[in-house]
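As the structure is a prediction and not an experimental result, all values here were calculated from the model.
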Amino acid sequence: AQSVTQLDSHVSVSEGTPVLLRCNYSSSYSPSLFWYVQHPNKGLQLLLKYTSAATLVKGINGFEAEFKKSETSFHLTKPSAHMSDAAEYFCVKEYGNKLVFGAGTILRVKS
Amino acid sequence: SQTIHQWPATLVQPVGSPLSLECTVEGTSNPNLYWYRQAAGRGLQLLFYSVGIGQISSEVPQNLSASRPQDRQFILSSKKLLLSDSGFYLCAWRISGTGLEQYFGPGTRLTVT
């Protein structure tokens, strides 16, 4: 079965420090992977996507993710956290016409 | 550019009452359309998706139904709401094809009392 595992349900960082949100996916030949962000009571916004091009993917708001096939991972990073980054983040894999979502990671940014 | 609308934004309904949530997409033709529910602590659950007018696939048997009367309109309904239907309902669209992202609407917060 297709699955996406986000290894941390909550991550807390200080403003200005790096962010790492971890994601592993069930293996498939050529996966399409995404990261979405959701602020409270809002819809999901696409941060970035990987579709078999460069393994390091740059997204909006300074986020990037690295696709590692050998580790079946797609971790999300940002060099310096901002207060506005506090939100819930979802790692997502495409499967057919549908998306498979991870359980989400809530990012808290401390001042 | 494409935009997606959902209404209402919030809704409080008693148990046993009917439900109709509407989603419309502008600026694209023949999109794939999706309904998701997000309940506290349960992540996003795909409820229905549609690849064309009148074509509905149900992912989870439940108290809800969906219809697509027009190319860019997707409606989520229930004849009698249950307490367990409470949640945040999200509509999404994407272009037909593979490897393509979905774009989400602003959501409807439904509370069944």
Side-chain angles (χ1 to χ4, degrees), chain A residues 1-10 21 23 25 28-55 57-60 63 65 67 74 76 87-106, chain B residues 1-11 21 23 25 30-52 55-60 68 86-111:
Chain A
Q2 302 296 317
S3 66
V4 175
T5 303
Q6 292 183 240
L7 297 158
D8 306 291
S9 60
H10 293 78
L21 305 183
C23 172
Y25 62 92
S28 61
Y29 177 66
S30 184
S32 293
L33 299 166
F34 311 88
W35 275 98
Y36 284 84
V37 60
Q38 185 181 30
H39 289 89
N41 292 308
K42 301 292 185 184
L44 278 71
Q45 180 184 19
L46 179 69
L47 277 179
L48 50 81
K49 64 177 180 179
Y50 168 78
T51 53
S52 302
T55 55
V57 181
K58 293 189 184 298
I60 62 172
F63 285 94
F67 173 73
F74 190 55
L76 181 70
E88 187 164 16
Y89 292 79
F90 292 94
C91 182
V92 183
K93 178 182 177 183
E94 187 200 27
Y95 179 62
N97 276 321
K98 299 174 281 188
L99 299 180
V100 178
F101 285 80
T105 298
I106 295 174
Chain B
S1 65
Q2 300 89 0
T3 56
I4 179 169
H5 304 280
Q6 284 187 247
W7 64 90
T10 60
L11 191 59
L21 302 182
C23 170
V25 181
N30 196 31
N32 289 358
L33 296 171
Y34 303 82
W35 277 112
Y36 293 87
R37 177 170 59 204
Q38 192 174 27
R42 296 186 61 183
L44 274 91
Q45 180 185 36
L46 177 63
L47 303 175
F48 301 94
Y49 72 95
S50 171
V51 298
Q55 300 178 61
I56 309 294
S57 296
S58 174
E59 289 296 298
V60 182
R68 185 171 177 174
S86 293
F88 193 49
Y89 288 81
L90 290 160
C91 181
W93 74 274
R94 67 165 234 187
I95 301 170
S96 298
T98 59
L100 299 170
E101 61 273 24
Q102 292 182 16
Y103 296 95
F104 287 79
T108 295
R109 172 71 61 190
L110 171 65
T111 303

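For the pair B/Leu90 and A/Gln38, the tightest heavy-atom approach, listed with the atom from each and the gap, is CD1-NE2, 4.1 Å. Residues B/Tyr36 and A/Leu99 share a closest heavy-atom pair of OH-CB, 4.0 Å. The heavy-atom pair separating A/Lys98 from B/Leu46 by the smallest distance is CD-CD2, 3.5 Å.
Side chains of B/Gln38 and A/Phe101 form no contact here, defined as non-hydrogen atoms less than 4.5 Å apart.
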Passes side-chain contact (heavy atoms from CB on, under 4.5 Å), A/Tyr36 versus B/Glu101? Steps please. CA-CA 10 Å; A/Tyr36 284 84; B/Glu101 61 273 24; 3.7 Å; yes
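Applying the side-chain hydrogen bond (donor to acceptor under 3.5 Å, both in side chains) criterion to A/Lys42, with sequence neighbours excluded, gives no partner residue.
Separation of atoms CG (A/Leu44) and CG (B/Leu44) is listed at 5.5 Å; rounding is to 0.5 Å.
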